Amino acid sequence: MAVSALSVPRPVAAPALPLLERRRRLAGAAFLAPAALYMIVFFGYPMVHNLVMGSQDYSVSSFYTGDAPFVGFDNYAAIFSDPAFWPTLGRTAMFTVASIVFQFVIGLALAVFFVRRFPLSGVIRALLLLPWLLPLVVSASVWRWIFDQDNGILNIALRGAGVIDEPIGWLNTVAWSLVSVIITNIWIGIPFNLVLLHGGLQAIPGSLYEAAALDGAGPWRQFTHISWPLLKPVTQVTLVLGLVYTLKVFDVIAVMTGGGPASSSQTLTVWSYQLSFNEFLFGQGAAVGNLLIVIALIAGLAYVRSAQQSLRSAS
Amino acid sequence: MNRTIVPVVVSASVLALAACSTAADPGAGESSGGTTDLAASITQLDGYTDGTSAEAWQSMLDECSDETGVAIERQSLPTSQMMPTILRQASSRSMANLIFVDNPNVQQIAATGALAPLDSLGLSADGYPDGIAAAGSYDGSLYGLAPGVNALALFYNKDILADAGVEPPTTWDELRAAAAELTTGNTYGLSMALLPTEEGTWQFLPFFWGAGAELTDVGSDEAVEALTFVQGLFDDGSVSASALNWNQAEAGDQFTAGQAAMTITGSWSVANFDKAASVDYGIVPIPAADGSAAPVALGGEVGVISQADDAEMAAAAAVLECMTSPEHQTYWAEQHAYIPGQTAVAEEYGAATPTMQAFVDAVASARPRTDDLGEAYPTTSTALIEAVQNALTGQLSPADALNAAASSVSSGQ
């Protein structure tokens with residue numbers, strides 16, 4: 001208030017300006033309203049509801065009666081003391097890190113490859129987007145068949161090539177199930193990384209590469225000194241979005257292994273679902289969900305911070 | 001071919017008779033003792049989404065709509081989405097009037113107070129076996145009735161068994177020996193579905209109960225005996241390790257593809273197996289440890305009525321009464337390979353369809369999963385299948401796995 005009063009130093013023009021200003025602000029608010037309303041209804045409300053649910057003993061009855069006793073941090077205590085907690089957190093970290101690293105590296109390699117124009121490059125690039133266009137349930141079902149121990153094409157191919165003697169139980173052994181769902185998730189995530197990074201690479205002016213070539217820089221030096229530094233903002237966005245997308249992966253694991261066998265491919269999302277819909281412990285399920293929100297939030301804030309820093313250093 | 005046509009004709013003529021009788025008798029609402037008018041329309045939720053069963057269910061709904069004069073607005077969802085949808089509808093007070101829900105969930109929903117007791121609507125479980133009545137009851141009141149139910153049995157490939165000179169097993173020892181002997185090349189002796197969900201628990205229960213174990217004590221010696229036996233089947237290589245990830249449809253596919261000589265599955269599979277027509281199969285009860293038929297869990301969906309105004313509840317009750325009429329029980333059994341709910345109807349059906357007799361027997365003595373534990377069943381079920389998976393993947397011994405399950409159950413309550 002005080003600031004706006006001070007920032008209007010010309011009393012003569014004052015009567016006209018506030019009206020214009022007010023109108024402009026009103027228009028601004030009107031334009032903002034639909035988006036804000038949308039966010040509040042479809043994002044704010046569910047999130048607040050989930051936060052509240054995490055501190056309630058929310059049972060099947062609660063849905064009908066609306067009564068859910070407040071239990072403070074009991075749900076969190078139950079989760080943290082559950083013997084499944086640390087292994088599940090570890091698997092979630094493993095799943096997320098491995099998925100993102102491979103998705104990003106392979107996506108970047110493909111993006112660099114497709115920046116050069118060659119016959120059919122557009123068609124092939126479009127085909128590479130296919131995994132992204134398929135419904136996740138379809139992709140996961142297909143991979144489920146590929147990984148099948150007895151009749152899956154992967155085991156048949158590996159045995160035919162003499163790589164293995166005995167079929168590997170990709171989806172039904174504790175040693176392999178997490179690896180299998182990670183491989184599938186990498187395959188699904190590559191196109192997303194490819195598209196974003198390819199767009200970022202195309203935005204880099206070609207003249208920089210020409211100049212570097214004239215100065216005698218080879219492809220590797222061009223990549224490390226031009227592409228990589230100039231791609232940094234896109235890289236950051238890609239990694240943060242990748243992190244959020246990977247943390248919340250549910251369909252792929254649910255379809256392929258259901259988190260099994262013996263919970264060996266269970267991540268926090270799958271655990272949250274199982275607590276909620278198999279055991280009907282909705283409060284605990286919500287608590288696990290909240291934990292995921294916090295993790296994603298930390299990653300998001302870290303991104304915003306580093307983006308601001310790079311803006312500041314740029315200006 | 002005839003099997004699909006005859007029941008339609010039968011139920012059409014029954015419908016004609018029923019239409020006459022309702023014309024003479026002013027409505028099913030009368031039977032509740034009140035003079036409640038029926039609502040003009042109700043909503044109905046079911047889990048029959050695949051081709052044949054969805055059509056058969058629709059034709060039953062159509063007939064009951066004509067018979068009662070109540071328009072029925074149908075919604076059907078994949079089984080996995082039933083509970084989330086019901087809960088969502090419950091919280092927004094927009095529950096379907098009539099819901100056909102998997103029987104172990106009835107207690108959960110009834111406990112919310114969202115369901116109407118059927119006795120107050122003039123319906124009773126007369127003629128139903130105790131197990132089915134218990135599965136539809138909560139806290140001493142009846143909340144659900146089923147036109148048909150199902151249970152598990154052991155299917156065997158007649159050709160493979162005959163070639164190997166193996167008789168269908170009637171004891172655990174015979175089952176283990178037969179499964180081992182029938183395992184050759186690409187063919188496993190037995191396929192089953194022990195995936196880490198309720199479906200897996202349901203498949204394990206015949207062995208669990210067959211050893212004399214009870215859900216109230218999952219760490220008992222009998223439970224260890226059951227899990228040790230199943231582990232033996234896996235250790236012998238008689239069951240593919242993929243069974244830890246298969247659902248029942250996939251385990252059944254192994255059987256129709258000739259890659260499993262025997263399979264454990266429910267009556268509904270008969271419809272699929274007959275359609276595939278690739279295997280000449282026989283059906284016997286799953287053996288128990290002592291050589292008798294193992295108690296199996298009661299399966300199938302139960303019709304429940306949600307709280308609403310009197311006219312809607314009366315209309316839903318009239319439709320449910322029609323859906324569970326003997327004629328419709330038989331029709332549903334013919335179409336979907338379920339077993340009619342009422343004992344007399346089931347016996348008649350078994351006599352007319354000898355291949356299904358094993359299931360008629362199994363259903364008569366089938367145990368509802370929620371009988372001992374009520375609403376606490378899901379926690380125990382989750383712990384039990386986790387123990388099965390821990391043992392079969394070699395993470396823990398059967399005894400350690402079941403003890404861990406027992407302690408997680410007791411800490412959770």
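Here is the naming used below: chain letters follow the sequence lines, and residue numbers restart at 1 for every chain. Owing to the predicted nature of the structure, the values given are computational and were not obtained by experimental measurement.
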message = Between Tyr377(B) and chain A, with a heavy-atom cut-off of 4.5 Å, which part of the residue counts as in contact: side chain, backbone, both or neither?
response = neither
note = Okay, Leu195(B) and chain A: the region with an atom under 4.5 Å from a heavy atom over there is neither
query = Looking only at atom types and distance, does a side-chain atom of Gln56(A) sit under 3.5 Å from a main-chain N or O of Asp67(A), one as donor and one as acceptor?
reply = no
task = Kindly indicate, with the supporting measurements, whether the criterion side-chain hydrogen bond (donor to acceptor under 3.5 Å, both in side chains) is fulfilled by Thr263(B) and Ser191(B).
result = CA-CA 5 Å; Thr263(B) 189; Ser191(B) 73; 2.7 Å; yes
ask   = So, the side chain of Asp102(B) versus the backbone of Pro104(B): is there a donor-acceptor pair under 3.5 Å, distance only?
value = no
task = Select, from Ala111(B), Gly113(B), Ser242(B), the one with the greatest count of heavy-atom pairs under 4.5 Å involving chain A.
result = Ser242(B)
ask   = Relative to chain B, which segment of Phe147(A) carries a heavy atom at a distance below 4.5 Å: side chain, backbone, both, or neither?
value = neither
message = If you count heavy-atom pairs within less than 4.5 Å of chain B, which of Glu279(A), Gln274(A), Met256(A), Gln149(A) leads?
response = Glu279(A)
query = Backbone N or O of Ala193(B) within a donor-acceptor pair of the Gln248(B) side chain at under 3.5 Å?
reply = no
query = Which atoms of Thr173(A) come close to chain B, meaning under 4.5 Å heavy atom to heavy atom: side chain ones, backbone ones, both, or neither?
reply = neither
request  = Please confirm whether the backbone N or O of Val255(A) pairs with a side-chain atom of Arg144(A), one donor and one acceptor, at under 3.5 Å?
outcome  = yes
message = Has Ser265(A) got a side-chain atom pairing as donor or acceptor with Pro261(A)'s backbone, closer than 3.5 angstrom?
response = no
ask   = Any donor and acceptor pair, going by atom type alone, linking the side chain of Ser272(A) with main-chain N or O of Leu268(A) inside 3.5 Å?
value = no
message = Looking only at heavy atoms and a cut-off of under 4.5 Å, which of Glu250(B), Gln307(B), Gln254(B) has the most pairs with chain A?
response = Glu250(B)
task = Using non-hydrogen atoms and a 4.5 Å limit, figure out which bit of Asp82(A) sits close to chain B: side chain, backbone, both or neither.
result = neither
key: Electrostatic pair Arg369(B)-Glu198(B), nearest N-O below 4.0 angstrom   = yes
task = Please determine, among Met83(B), Arg93(B), Glu386(B), the option with the most heavy-atom pairs under 4.5 Å with chain A.
result = Arg93(B)
key: Side-chain donor/acceptor of Thr201(B) to backbone N/O of Ser381(B), under 3.5 Å   = yes
query = Using a cut-off of under 4.5 Å for heavy-atom pairs, which of Asn278(A), Thr65(A), Asp150(A) has the most such pairs with chain B?
reply = Asp150(A)
query = Is it the side chain or the backbone of Glu375(B) that comes within 4.5 Å of chain A heavy atoms, both, or neither?
reply = neither
query = Checking Asn151(A) against chain B: side chain, backbone, both or neither under 4.5 Å from a heavy atom?
reply = side chain
inquiry  = Is Gln395(B) in contact with chain A via its backbone, its side chain, both, or neither, using a 4.5 Å heavy-atom distance?
reply    = side chain
